Amino acid sequence: MVLFWTSPTGTEVGKERELVGYDVDGEDGWSLEWNIEGQMLHNHLDIQALGIDGVSYARVSFNVHTLYE
């Protein structure tokens with residue numbers, strides 16, 4: 001199972017972390033369709049892979065920013 005979390009950038013924002021989705025079928029790859037229409041983002045996107053026992057064994061983070069025109 002892969003979990004997709006978002007939180008605002010900054011320090012001590014762990015309480016503001018929100019689960020935005022998950023994927024349980026890795027046969028077609030791990031993915032998330034996340035509707036961000038109308039949102040201004042300056043967030044961290046954390047991707048957490050869980051093992052069979054439910055213990056996290058891999059995690060990666062990205063910064064996600066809304067582009068301004």
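Worth knowing before you read on, the calculation uses all heavy atoms, side chains too, and leaves out hydrogens, waters and symmetry mates. Not measured: the values here are computed from a predicted model.
- Pairs passing the salt bridge (Lys or Arg N to Asp or Glu O under 4.0 Å) check and including a residue from residues 2-11, sequence neighbours excluded, do not occur.
- Under the side chain to side chain contact (heavy atoms under 4.5 Å, CB included) criterion, Leu50 pairs with Met1, Leu3, Gln48, Ser56, not counting sequence neighbours.
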For residues 21-37, which side-chain donor-acceptor pairs fall under 3.5 Å, sequence neighbours excluded?
unit_1 : atom_1 : unit_2 : atom_2 : d
Asp23  : OD1    : Asp25  : N      : 3.0
Asp23  : OD2    : Ser31  : N      : 3.0
Asp25  : OD1    : Glu27  : N      : 3.1
Asn35  : OD1    : Glu37  : N      : 3.0

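- Put simply, CH2 on Trp5 and CG on Leu45 are 12.0 Å apart, with the number rounded to the nearest 0.5 Å.
- Residue pairs meeting the ring-ring contact (aromatic ring centres under 6.0 Å, His included) criterion with at least one partner in residues 38-58, sequence neighbours excluded, are His42-His65.
- Under a 3.5 Å cut-off, the side chain of Ser7 and the backbone N or O of Arg17 do not form any donor-acceptor pair.
- By the side-chain hydrogen bond (donor to acceptor under 3.5 Å, both in side chains) test, Arg59 pairs with Asp46, sequence neighbours left out.
- Taking each heavy atom of Val2 and Ile47 in turn, the nearest pair found is CG1-CG2, 3.5 Å.
- By the criterion of side-chain heavy atoms lying less than 4.5 angstrom apart, applied directly or through intervening Ile, Leu, Val, Met, Phe, Trp or Tyr residues, Leu41 is grouped together with Val60 in one hydrophobic cluster.
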